[in-house]
Peer 1: 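For reference, the structure I am asking about is given below.
Order of the sequence lines fixes the chain letters, A, B, ..., with proteins taken first and strands second; residue numbering starts at 1 for each chain.
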Protein chains: 2
Amino acid sequence: MLSQKAKYALKAMIALATQEEGDLMQAADIAERQNVPRKFLELILLDLRKHGLVRSQRGKLGGYALAKPADTITFGQIIRIMDGPLAPIPCASLTGYRRCADCRDEKACAVRKTMREVRDAAAAILDGMTLADATGTEAAALKAAIGA
Amino acid sequence: MLSQKAKYALKAMIALATQEEGDLMQAADIAERQNVPRKFLELILLDLRKHGLVRSQRGKLGGYALAKPADTITFGQIIRIMDGPLAPIPCASLTGYRRCADCRDEKACAVRKTMREVRDAAAAILDGMTLADATGTEAAALKAAIGA
DNA sequence: TTAAACACTACTAATTTGATGGACAAGATA
DNA sequence: TATCTTGTCCATCAAATTAGTAGTGTTTAA
């Protein structure tokens, strides 16, 4: 399951990705636009800053911006920061491998093999989806809704 | 994340799938073979029985068996019983849909769209993997290990 | 009739999740 | 320089979930 934290992080990053290069968006602004508790969002943004995905400016007229181009930041990166590995089970993870305490023969384990497949499929989607892709599809959906 | 409960359930079901038609396997036996706490396993098996995936016999010489052929029971069925929907987020679930409280425009939401893709990919793998497949790959891996 | 097995209920300790509150620091502007 | 606004950081917290454990009851074969 994706935590609320990760969902809020994705939504906040998508909001930041709609900004012009050089602009700043304030936490309160993001919180209101995305319907997210402001203080909780600040925690999330802080975490994202520490991991180098956003930059921030303090003081009056301060705010947040993406630290890198929107087409170089993926859903996978954001989710791993907030929730940890994508794999459904640690023994099937690439980034956070841990052996199952109860496992007798990891090589033969069909559960592990299958969960590795699931991980790979999820990673292919999430590591392939950039913030630029996301803002693109949202803009297109909105435009279609207006057209209809 | 797959819970321990779901992992234990999968392992127990795979163990049951290795049995001859008509045989029974006792909870204590499964628990020992799969390295799972016995009482916890009994709860899991009870749950699986209530959902019609295993049948049980009480009394001396009692035990458990699959209630249906091994090639008609999938990982997806078992995981949904133990952990609920496969989707990473309720608004992307087919079997357990729930709207996000904070969502302004569900149609346009890129997070939801992407999580639906992840759900579909996971479902394709997990609903396609039967207990018969699982015992098959485990047996093959074991045979290969002995040959090497 | 008794021993061995599943069935069921209840409880609990630890962890995770989803926050909230407040003090502090930095920076723009009057 | 004063001050107001905004991000930073720390501490705390309540509710839910997870991962079990314990014990009693019920069924059945021998």
Side-chain angles (χ1 to χ4, degrees), chain A residues 1-12 16 23-32 34-51 53-65 67 79 81-85 88-90 96 98 100-102, chain B residues 1-12 16 23-32 34-67 79 81-85 88-90 96 98 100-102:
Chain A
M1 264 294 245
L2 198 74
S3 68
Q4 288 284 94
K5 214 171 148 186
K7 187 182 74 177
Y8 292 161
L10 290 171
K11 290 174 66 173
L16 290 178
D23 286 4
L24 293 174
M25 194 179 294
Q26 295 176 354
D29 206 24
I30 303 173
E32 206 224 335
Q34 302 286 349
N35 249 339
V36 168
R38 195 185 109 252
K39 291 296 279 180
F40 194 30
L41 178 63
E42 285 185 10
L43 245 44
I44 291 165
L45 288 166
L46 190 60
D47 210 357
L48 291 169
R49 184 185 64 93
K50 285 181 178 166
H51 283 86
L53 295 196
V54 309
R55 62 189 175 75
S56 65
Q57 173 130 18
R58 288 162 75 138
K60 206 166 180 174
L61 306 189
Y64 297 89
I79 293 173
I81 289 171
M82 306 312 293
D83 284 357
I89 196 173
R98 254 178 32 235
C100 286
D102 55 281
Chain B
M1 263 296 247
L2 199 74
S3 67
Q4 288 284 95
K5 215 170 147 190
K7 187 182 74 177
Y8 292 161
L10 289 171
K11 289 175 65 172
L16 290 178
D23 285 4
L24 292 174
M25 195 179 293
Q26 295 176 354
D29 206 23
I30 304 174
E32 205 224 336
Q34 302 285 352
N35 248 337
V36 169
R38 193 185 109 255
K39 290 297 276 182
F40 195 30
L41 178 63
E42 284 185 13
L43 290 184
I44 292 165
L45 288 166
L46 190 61
D47 212 356
L48 291 169
R49 183 185 63 95
K50 285 180 179 166
H51 282 88
L53 295 195
V54 308
R55 61 188 176 76
S56 64
Q57 172 127 20
R58 290 162 74 137
K60 206 167 180 171
L61 305 191
Y64 297 89
L66 298 184
I79 293 172
I81 288 171
M82 305 312 293
D83 284 357
I89 196 171
R98 254 182 27 238
C100 285
D102 55 282

Peer 1: Would you indicate whether the side-chain heavy atoms of A:Val36 and A:Gln4 approach each other to under 4.5 Å?
Peer 2: no
Peer 1: In whole angstrom, what separates B:Gln26's CD from C:dA5's C1'?
Peer 2: 6 Å
Peer 1: Name the nucleic acid region contacted by A:Ala28, choosing base, sugar-phosphate or nothing; use a 4.0 angstrom heavy-atom cut-off, strictly under.
Peer 2: nothing
Peer 1: Give me the atom names and distance for the closest heavy-atom approach of B:Leu48 to B:Met82.
Peer 2: CD2-SD, 4.2 Å
Peer 1: So B:Lys11 and B:Ile30, do their side chains get closer than 4.5 Å, heavy atoms only?
Peer 2: no
Peer 1: Quick one: A:Arg38 CZ to C:dG18 C1', roughly how many Å, whole number?
Peer 2: 16 Å
Peer 1: Which atom names give the shortest non-hydrogen contact between A:Leu24 and A:Ala65, and what distance separates them?
Peer 2: CD2-CB, 4.0 Å
Peer 1: Please give the stem ranges for DNA chain C, sorted by first residue number, where a stem is three or more consecutive Watson-Crick or G-U pairs and both donor-acceptor distances are under 3.5 Å.
Peer 2: C:1-30 with D:1-30
Peer 1: Could you tell me how far apart A:Ile44 (CD1) and C:dT17 (P) are, to the nearest whole angstrom?
Peer 2: 13 Å
Peer 1: Any idea which heavy atoms bring B:Ala67 and B:Gly52 closest together, and the distance?
Peer 2: CB-O, 3.4 Å
Peer 1: Determine the minimum heavy-atom distance between B:Gly96 and B:Pro85, stating which atoms define it.
Peer 2: CA-CG, 3.9 Å
Peer 1: Between the protein and nucleotides 8-15 of chain C, which nitrogen or oxygen pairs are less than 3.5 angstrom apart?
Peer 2:
from, atom 1, to, atom 2, distance (Å)
C:dC8, OP2, B:Arg49, NH2, 2.8

Peer 1: In the structure I gave you, are the side-chain heavy atoms of B:Lys5 and B:Ile44 within less than 4.5 Å of one another anywhere?
Peer 2: yes
Peer 1: Taking the nucleotide of DNA chain C with the nearest heavy atom to each, does B:Gly63 or A:Pro37 sit closer to the 5' end?
Peer 2: B:Gly63
Peer 1: Ignoring hydrogens, what is the shortest heavy-atom contact between B:Gly62 and B:Gln26? Give both atom names and the distance.
Peer 2: O-CG, 3.2 Å
Peer 1: For DNA chain D, note the earliest and the latest nucleotide, 5' to 3', having some atom under 4.0 Å of a heavy atom belonging to chain B.
Peer 2: D:dA19 to D:dA30
Peer 1: Which of the following nucleotides, C:dA7, C:dA3, C:dA19, is nearest to the side chain of B:Lys60?
Peer 2: C:dA3
Peer 1: I'd like to know if the side chain of A:Asp83 and the backbone of A:Ser3 have a donor-acceptor N/O pair within less than 3.5 Å.
Peer 2: yes
Peer 1: Under the side chain to side chain contact (heavy atoms under 4.5 Å, CB included) rule, what do A:Lys39 and A:Leu43 come out as? Steps first, then yes or no, please.
Peer 2: CA-CA 7 Å; A:Lys39 291 296 279 180; A:Leu43 245 44; over 6 Å; no
Peer 1: Please name the pair of heavy atoms, one in B:Pro90 and one in A:Met1, separated by the smallest distance, quoted to 0.1 Å.
Peer 2: CD-CE, 3.8 Å
